[in-house]
Amino acid sequence: MAEYVIICFLGLVAFLGILGKKDIYQAFLKGAKEGLASGVKIFAPIVAIMTAMRMLQSSGALDFILKLISPFTNFIGMPSEVAPLALMRPLSGSASIAMLEDALERFGPDSLSGHIASVIMGSTETTFYIVSVYFGVTRVKNIRHTLVCALLADLTGIITGIIVCKLLS
Amino acid sequence: MLNYIWASMMLMSAVCALLTGRGELCLNSILSGTKDTVNTVLVLAGLMALWSGIMEAAKEAGLCGFIEKITYPLLKFLFPELKGKKEALSAIAMNITANVLGLGNSATPLGLEAMRRLDAENKGRKEASNSMCLFALLNSASLQIIPTTVISLRAAAGSKDPGWVILPIWITSLSSLLMAVISCKILQGAIPEKGEKRRE
């Protein structure tokens, strides 16, 4: 269904272009060139984030951080098996998908932990990745309050998710 | 800020790897992981070329003005500074639509296209504009109506009710989205743009 919206949009662009006798092919090439240049620009931020993420995982630092923050995760009522997913979610989409898969398999998709893990995965985004890549295409050096707000929003989502799952389960 | 977070992630990992003797494992995972990263970036760059091209063609065809006109009444609360900035607004509208429909592969390149247009409006200043901050925040919150990835993963894991999570995900997404917008609007007043000199 959603795919058809895009196809219709593409058709509409071509239709209007022909109708208005506009050179949309040249316009496309110009835009594509700029888009590609931005693509090159975000190469570095993506390598940076992915490297840090992989180091955290493979060095055992992630497990250490989890132990460190366990008083806090206990306090907000997060099951300990969901904590790694909640911590990884802002960093990497593919790593958190793998973690959700693993959690669903081990604890069962219809358990409370399974529910909480699914809800956290579905209601939050890869915050660090998005912020660094989005600002990576700009000339901005100072992102002001963006990261603070994004983390506040993630935290709100995680806490709400836990409460809602406990109430509805 | 990103700098300190990144640096502390690297430092902590390095110390952990040294203390637990996982140096080799750690290095291997970085080096082999870079291959996947290159793949991701190449695909993304290609998609960005595609969408930036389409947006430029849509502008040439006169569609941007139309999109801006129908979506501005909705977007004006969020982006009051962008009044009349057709290209930035229509890219934002397209990105939000793609996000809501769950078209992640198109949402990111469109979002980056919008960010590029916002940067052009920001005239090369080193400080992010209010619109840039809020727009990045909208994308770091989840706007998707049907969380297809999660539902299919649950189904694959043998759930009796894979769609159980839809309502909780809506409630949760809405709460974090509200938090993002409200905290952004409050903090943008508290941390105002310094109005540093504009580079031409």
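Both backbone and side-chain heavy atoms feed into the values below; hydrogens, waters and symmetry mates do not. Please read all numbers here as calculations on a predicted model, not as lab measurements.
The contact between A:Y129 and chain B is made entirely by side chain atoms (from C-beta outward), counting heavy-atom distances below 4.5 Å. Only the side chain of B:S106 comes within contact range of chain A, with heavy atoms under 4.5 Å apart. Looking at A:L29, there are no atoms closer than 4.5 Å to chain B (heavy atoms on both sides), in backbone or side chain. A:L19 does not touch chain B: none of its heavy atoms, backbone or side chain, sits under 4.5 Å away. Both the backbone and the side chain of B:A180 come within less than 4.5 Å of a heavy atom in chain A. Of the atoms belonging to B:L11, not a single heavy atom falls under 4.5 Å from chain A. The contact between A:S169 and chain B is made by backbone and side chain atoms together, counting heavy-atom distances below 4.5 Å. At a 4.5 Å heavy-atom cutoff, the contact between A:S132 and chain B is made by backbone and side-chain atoms alike. For B:T148, no part lies under 4.5 angstrom from a heavy atom of chain A. Both the backbone and the side chain of B:L112 come within contact range of chain A, with heavy atoms under 4.5 Å apart. Neither the backbone nor the side chain of A:A37 comes within contact range of chain B; no heavy atoms are under 4.5 Å apart. Neither the backbone nor the side chain of A:I18 comes within contact range of chain B, judged by heavy atoms closer than 4.5 Å. B:L18 does not touch chain A: none of its heavy atoms, backbone or side chain, sits under 4.5 Å away. Both the backbone and the side chain of A:F43 come within less than 4.5 Å of a heavy atom in chain B. There is no contact between A:I159 and chain B, counting heavy-atom distances below 4.5 Å. B:Q188 touches chain A through backbone and side chain together, each having a heavy atom under 4.5 Å away. Heavy atoms of B:W170 lying under 4.5 Å from chain A are absent altogether. In this structure, the portion of B:T20 lying under 4.5 Å from any heavy atom of chain A is its side chain and not its backbone. Both the backbone and the side chain of B:M132 come within contact range of chain A, each with at least one heavy atom under 4.5 Å from a heavy atom of that chain.
With values rounded to the nearest 0.5 angstrom, B:L27 atom CG is found 8.5 Å from A:M55 atom CE. Rounded to the nearest 0.5 angstrom, B:N28 CG and A:R54 CZ are separated by 12.5 Å. Distance check: B:M48 CE to A:I42 CD1 gives 4.5 Å after rounding to the nearest 0.5 Å. Within the model, atoms CD1 of B:I182 and CG of A:L152 stand 11.5 Å from one another, a figure rounded to the nearest 0.5 Å. To the nearest 0.5 Å, atoms CE (A:M121) and OG1 (B:T149) are separated by 7.0 Å. B:L63 contributes atom CG, which lies 5.0 Å from atom CG of A:L12 (distance to the nearest 0.5 angstrom).
Counting heavy atoms of neighbouring residues, nucleotides and ligands inside a 6.0 Å radius, atom CH2 of B:W164 exceeds 12 of them. Counting non-hydrogen atoms of other residues, nucleotides and ligands closer than 6.0 Å to OH of B:Y72 gives a total above 12. Counting heavy-atom neighbours within 6.0 Å of A:K41 NZ, excluding the residue itself, gives a total above 12. Other residues, nucleotides and ligands place more than 12 heavy atoms under 6.0 Å from the CD atom of B:E81.
Using a 4.5 Å heavy-atom cutoff, the side chains of A:L91 and B:M9 are in contact. Using a 4.5 Å cut-off on side-chain heavy atoms (C-beta onward), A:F9 and B:I54 make contact. B:R22 has its side chain out of reach of A:S58: every pair of non-hydrogen atoms, C-beta onward, lies at least 4.5 Å apart. At a threshold of 4.5 Å between non-hydrogen side-chain atoms, the residues B:K126 and A:N142 do not count as touching. Residues B:L118 and A:T138 are not in side-chain contact: their nearest non-hydrogen atoms beyond the backbone lie 4.5 Å or more apart. You'll find the side chain of A:F28 stays beyond 4.5 Å of the side chain of B:E56, heavy atoms only. Looking at A:D110 and B:R154, their side chains come closer than 4.5 Å, going by heavy atoms from C-beta outward. Residues A:L147 and B:I5 are in side-chain contact: their nearest non-hydrogen atoms beyond the backbone lie under 4.5 Å apart.
Options B:S173, B:A57, B:P147 differ in how many heavy-atom pairs under 4.5 Å they form with chain A, and the most are formed by B:A57. Note: A:A153 leads A:G157, A:G39, A:A153 in heavy-atom pairs under 4.5 Å with chain B. No other option in B:M12, B:M55, B:E113 has as many heavy-atom pairs under 4.5 Å with chain A as B:M12. Counting heavy-atom pairs closer than 4.5 Å to chain A, the top residue among B:K59, B:E60, B:M94 is B:E60. Highest contact tally toward chain A, considering only B:C184, B:A136, B:A58, B:A17, is held by B:C184 [criterion: heavy-atom pairs under 4.5 Å]. For the set A:E34, A:M50, A:K30, the count of heavy-atom pairs under 4.5 angstrom toward chain B peaks at A:E34. Top candidate by heavy-atom pairs under 4.5 Å with chain B, chosen from A:G60, A:S94, A:A117, A:G114, is A:G60. Put simply, of B:A14, B:S142, B:A155, B:A45, the one with the most heavy-atom pairs under 4.5 Å next to chain A is B:S142. Most heavy-atom pairs under 4.5 Å with chain B: of the set A:C165, A:G20, A:S38, this distinction falls to A:S38. Top candidate by heavy-atom pairs under 4.5 Å with chain B, chosen from A:T146, A:L16, A:V119, A:V164, is A:V119.
Between A:I143 and B:A128, the shortest heavy-atom contact is CA-CB, 4.1 Å. The shortest non-hydrogen separation linking B:L187 to A:C149 is CD1-SG, 3.7 Å. Contact record, A:S59 with B:C16: O-CB, 3.6 Å, taken as the closest heavy-atom pair.
The aromatic rings of A:Y134 and B:F135 are tilted relative to each other, their planes meeting at an angle between 30° and 60°.
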One pair to check against side chain to side chain contact (heavy atoms under 4.5 Å, CB included): A:I46 and B:L44. What are the steps and the verdict? CA-CA 11 Å; A:I46 293 185; B:L44 189 58; 4.0 Å; yes
May I have the step-by-step check of side chain to side chain donor-acceptor pair (under 3.5 Å) for A:R144 and B:N130, ending in yes or no? CA-CA 9 Å; A:R144 293 166 71 211; B:N130 289 342; 2.9 Å; yes
With side chain to side chain donor-acceptor pair (under 3.5 Å) as the criterion, how do A:S123 and B:T172 come out once you've worked through the C-alpha distance, each side chain's angles and the decisive distance to 0.1 Å? CA-CA 6 Å; A:S123 57; B:T172 309; 4.6 Å; no
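At least one donor-acceptor pair closer than 3.5 Å links the side chain of A:R139 to the backbone N or O of B:D119. Of the possible polar contacts, none joining the B:N139 side chain to the A:I130 backbone as a donor-acceptor pair under 3.5 Å is found. Of the possible polar contacts, one joining the B:S13 side chain to the A:L56 backbone as a donor-acceptor pair under 3.5 Å is found.
Hydrophobic clustering, with ILVMFWY side chains joined whenever heavy atoms are under 4.5 angstrom apart, groups B:I169 together with B:V100. Side-chain heavy atoms closer than 4.5 Å link hydrophobic residues (I, L, V, M, F, W, Y) into clusters, and following such links, even through other members, never connects B:L178 to A:I120.
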